[in-house]
Student: 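The structure follows.
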2 protein chains.
Amino acid sequence: MKPDHFEVTSACSAVHHILARVGDKWTVLVVSYLGNRSMRFNELKRAINGISQKMLTSTLRSLERDGFVTRTVYPTIPPRVDYELTDLGRDLLVPVRGLGDWAIKNEQRVSEARARFDAAHGDAQVQRRFADAAE
Amino acid sequence: MKPDHFEVTSACSAVHHILARVGDKWTVLVVSYLGNRSMRFNELKRAINGISQKMLTSTLRSLERDGFVTRTVYPTIPPRVDYELTDLGRDLLVPVRGLGDWAIKNEQRVSEARARFDAAHGDAQVQRRFADAAE
DNA sequence: CAGGATCCTCGATGATACTG
DNA sequence: CAGTATCATCGAGGATCCTG
């Protein structure tokens with residue numbers, strides 16, 4: 001670990017790729033559900049409230065491409081497609097849960113810091129800049 | 001952990017907030033640099049190749065708001081502003097590095113899975129859908 | 001030096017309609 | 001059921017100019 005330089009190698013982009021992946025809107029939710037058991041497309045869609053069919057499709061495709069889930073098609077009528085976590089996908093869940101646990105454990109400290117910041121900087125300005133605060 | 005339902009509580013949004021934060025384009029890079037020592041604004045800007053001044057500002061503001069960094073102004077001329085990680089910020093680095101280490105360790109498996117997927121699905125279609133692959 | 005204010009682009013996400 | 005195809009939107013992010 002150098003003092004003020006990071007090697008911009010494949011390691012760097014690998015880290016960024018994974019961070020961006022788990023940081024996106026639906027990936028972790030999908031993977032979490034599949035962590036329990038394999039699920040069908042519409043089953044996932046119903047379980048994850050608010051996801052559009054397009055985003056579920058593209059999220060699943062990306063996860064499949066990276067080797068985190070398998071897609072199994074049963075050529076029946078009507079068709080049936082099962083999605084299931086791979087070992088790699090289950091493995092990913094471990095460090096992701098680490099971050100999740102950290103988030104839950106420190107939720108209070110973060111929201112306190114936010115309240116302090118907002119109070120110190122006047123609500124008007126802050127609310128303009130962080131209009132998403134209510135999320 | 002219920003079989004197929006997640007409580008949509010504050011814990012859920014806390015987790016999502018942290019995941020989205022570490023998944024964004026610059027946060028982890030900024031926090032990593034500050035993990036070594038406190039740094040000034042333009043010092044960070046030079047260190048992080050490609051970040052715009054606007055994004056550095058907003059990234060730092062968000063980090064400050066959530067209590068991950070402190071902002072210290074020295075009213076000299078020219079002005080000087082130091083950014084430094086808080087204990088909370090340093091603490092966050094632990095699980096984030098966990099994920100980073102996982103990414104580095106499994107980089108090979110992911111890229112192999114990708115190669116397999118792309119080969120199996122024909123380059124034309126894949127390349128249209130995942131034009132960002134070269135990133 | 002450390003930003004604030006503006007303008008602009010583009011991609012992520014969503015809504016809707018259609019199909020094997 | 002499990003998608004694909006299209007169109008529309010909206011905000012993240014970048015470029016540029018300005019100032020205390």
Side-chain angles (χ1 to χ4, degrees), chain A residues 16-17 19-27 29-30 38-64 69-84 121-122 124-126 128-135, chain B residues 16-17 19-30 38-65 69-84 121-122 124-126 128-135:
Chain A
H16 182 262
H17 180 257
L19 288 175
R21 172 60 47 89
V22 305
D24 84 19
K25 204 170 177 183
W26 304 110
T27 295
L29 220 38
V30 170
S38 77
M39 288 175 87
R40 300 177 59 175
F41 185 87
N42 275 341
E43 197 180 3
L44 272 169
K45 188 167 184 316
R46 274 189 302 271
I48 302 175
N49 209 291
I51 194 171
S52 67
Q53 139 272 90
K54 175 181 171 179
M55 287 318 295
L56 180 54
T57 299
S58 87
T59 299
L60 287 168
R61 283 289 180 288
S62 295
L63 288 172
E64 187 194 356
V69 310
T70 57
R71 178 173 181 272
T72 309
V73 182
Y74 300 94
T76 59
I77 292 183
R80 171 200 178 107
V81 180
D82 273 22
Y83 290 93
E84 188 173 11
H121 291 74
Q125 263 208 324
V126 173
R128 232 177 299 126
R129 245 196 286 280
F130 298 98
D132 56 306
E135 94 180 41
Chain B
H16 182 262
H17 180 258
L19 287 175
R21 172 61 46 92
V22 305
D24 84 20
K25 204 169 176 183
W26 304 110
T27 295
V28 169
L29 221 38
V30 170
S38 79
M39 289 175 86
R40 299 177 58 177
F41 186 87
N42 274 341
E43 196 179 4
L44 272 169
K45 188 168 185 314
R46 274 189 303 271
I48 302 175
N49 209 290
I51 194 171
S52 68
Q53 167 257 52
K54 175 184 171 179
M55 287 318 295
L56 181 54
T57 299
S58 86
T59 299
L60 287 168
R61 284 287 180 287
S62 296
L63 288 172
E64 187 195 356
R65 190 165 108 106
V69 311
T70 57
R71 179 173 180 271
T72 310
V73 182
Y74 301 93
T76 57
I77 293 183
R80 172 200 179 107
V81 180
D82 274 21
Y83 291 93
E84 189 175 9
H121 290 73
Q125 264 208 327
V126 173
R128 231 176 300 125
R129 246 195 285 280
F130 299 98
D132 56 304
E135 96 181 42

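In what follows, chains carry the letters A, B, and so on, assigned in the order in which the sequence lines appear, proteins first and then strands, with residues in each chain numbered from 1.
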Student: Might you point out which heavy atoms bring A:Pro79 and A:Arg40 nearest each other, and give the distance in Å?
Tutor: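 Smallest heavy-atom distance, with atoms named: O-NH2, 3.6 Å.
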
Student: Between D:dG14, C:dC1, C:dG3, which one does the side chain of B:Pro78 approach most closely?
Tutor: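 Minimum distance to the B:Pro78 side chain belongs to C:dC1.
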
Student: What is the separation between atom CD on A:Glu64 and atom C1' on D:dG3, rounded to the nearest whole Å?
Tutor: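 Spelled out: CD on A:Glu64 to C1' on D:dG3 is 13 Å.
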
Student: Just how far, in rounded Å, is C1' of D:dC1 from CG of A:Leu56?
Tutor: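 Going from CG in A:Leu56 over to C1' in D:dC1 covers 13 Å.
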
Student: What distance separates A:Leu60 CG from A:Lys45 NZ, expressed to the nearest 0.5 Å?
Tutor: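 Taking CG in A:Leu60 and NZ in A:Lys45, the distance rounds to 12.0 Å.
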
Student: Look up atom OG1 in A:Thr59 and atom CG in A:Asp24, then write down how far apart they are to the nearest 0.5 Å.
Tutor: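 Spacing of OG1 (A:Thr59) from CG (A:Asp24) equals 5.5 Å.
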
Student: Can you tell me how far C1' of C:dA12 sits from CE of A:Met55, to the nearest Å?
Tutor: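 That distance rounds to 7 Å.
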
Student: Rounded to the nearest Å, what distance is computed from the CZ atom of residue B:Arg80 to the C1' atom of nucleotide C:dC1?
Tutor: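 Going from CZ in B:Arg80 over to C1' in C:dC1 covers 11 Å.
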
Student: It should be established whether B:Arg40 places a side-chain nitrogen or oxygen under 4.0 Å from OP1 or OP2 of nucleotide C:dA2.
Tutor: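 So the side-chain polar atoms of B:Arg40 do come within 4.0 Å of the phosphate oxygens OP1 or OP2 of C:dA2, strictly under.
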
Student: Considering only heavy atoms from C-beta outward, does the side chain of B:Leu63 approach that of B:Arg21 to under 4.5 Å?
Tutor: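 Of all side-chain heavy-atom pairs linking B:Arg21 with B:Leu63, at least one is under 4.5 Å.
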
Student: To the nearest 0.5 Å, tell me how far A:Leu19 CG sits from B:Thr27 OG1.
Tutor: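 A:Leu19 CG to B:Thr27 OG1: 10.0 Å, rounded to 0.5 Å.
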
Student: Could you tell me, to 10°, how much the axis swings from one end of the helix from C:dC1-D:dG20 to C:dG20-D:dC1 to the other, five pairs per end?
Tutor: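 Here the helix ends are tilted 50° relative to one another.
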
Student: Is the phosphate of D:dT4 approached by A:Arg61 (side-chain N or O, under 4.0 Å from OP1 or OP2)?
Tutor: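 Yes, such a contact exists.
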
Student: Return the CZ to CD distance between A:Phe41 and A:Gln53, rounded to the nearest 0.5 Å.
Tutor: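 With rounding to 0.5 Å, CZ (A:Phe41) is 5.5 Å from CD (A:Gln53).
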
Student: Kindly indicate whether the side chain of A:Val30, heavy atoms from C-beta on, has any atom under 4.5 Å from the side chain of A:Val69.
Tutor: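 No, every pair of side-chain atoms sits at 4.5 Å or beyond.
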
Student: What's A:Lys45 touching, base or sugar-phosphate or nothing? Going by heavy atoms closer than 4.0 Å.
Tutor: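 Touches nothing.
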
Student: In whole Å, I'd like the distance from the CD1 atom of A:Ile48 to the C1' atom of C:dT13.
Tutor: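 About 15 Å, once rounded to whole Å.
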
Student: Can you tell which of C:dC1, C:dG3, D:dA2 lies closest to the side chain of A:Val81?
Tutor: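 My answer, after comparing the listed nucleotides, is D:dA2.
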
Student: With a 4.0 Å cut-off on heavy atoms, is A:Tyr74 in touch with a base, just the backbone sugar-phosphate, or nothing at all?
Tutor: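 Contact class for A:Tyr74: none.
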
Student: Just to confirm, is there a sub-4.0 Å distance from OP1 or OP2 of D:dC1 to any side-chain nitrogen or oxygen of A:Tyr83?
Tutor: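 So the side chain of A:Tyr83 is outside the cut-off, no N or O lying under 4.0 Å from OP1 or OP2 of D:dC1.
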
Student: Rounded to the nearest 0.5 Å, what separates atom CZ in A:Arg61 from atom NE2 in B:His121?
Tutor: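 Reported value, rounded in 0.5 Å steps: 7.0 Å.
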
Student: Of the options C:dT13, C:dG3, C:dC1, whose atoms approach the side-chain atoms of B:Arg71 most closely?
Tutor: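 Minimum distance to the B:Arg71 side chain belongs to C:dG3.
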
Student: What is the distance, to the nearest angstrom, from the CD1 atom on B:Ile77 to the P atom on D:dG20?
Tutor: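 Rounded to the whole Å, the gap is 12 Å.
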
Student: Roughly, in whole Å, what's the span from CG in A:Asp24 to P in C:dG11?
Tutor: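 Going from A:Asp24 (CG) to C:dG11 (P), I get 17 Å.
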
Student: Got a second to check how far A:Ile48's CD1 is from A:Lys25's NZ, nearest 0.5 Å?
Tutor: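 The distance works out to 12.5 Å.
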
Student: Can you give me the N/O atom pairs linking the protein to nucleotides 16-20 of chain C at distances under 3.5 Å, or say none if there are none?
Tutor:
residue: C:dT16; atom: O4; partner: A:Gln53; partner atom: NE2; Å: 3.4
residue: C:dA17; atom: N6; partner: A:Gln53; partner atom: NE2; Å: 3.2

Student: Please list all pairs passing the salt bridge (Lys or Arg N to Asp or Glu O under 4.0 Å) test where one or both residues lie in residues 71-81 of chain A, with sequence neighbours left out.
Tutor: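 Sorted pair list: A:Arg80-A:Asp82.
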
Student: Nearest whole Å is fine: how far is D:dT16 C1' from B:Ile51 CD1?
Tutor: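 Checked: the CD1 to C1' distance equals 17 Å.
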
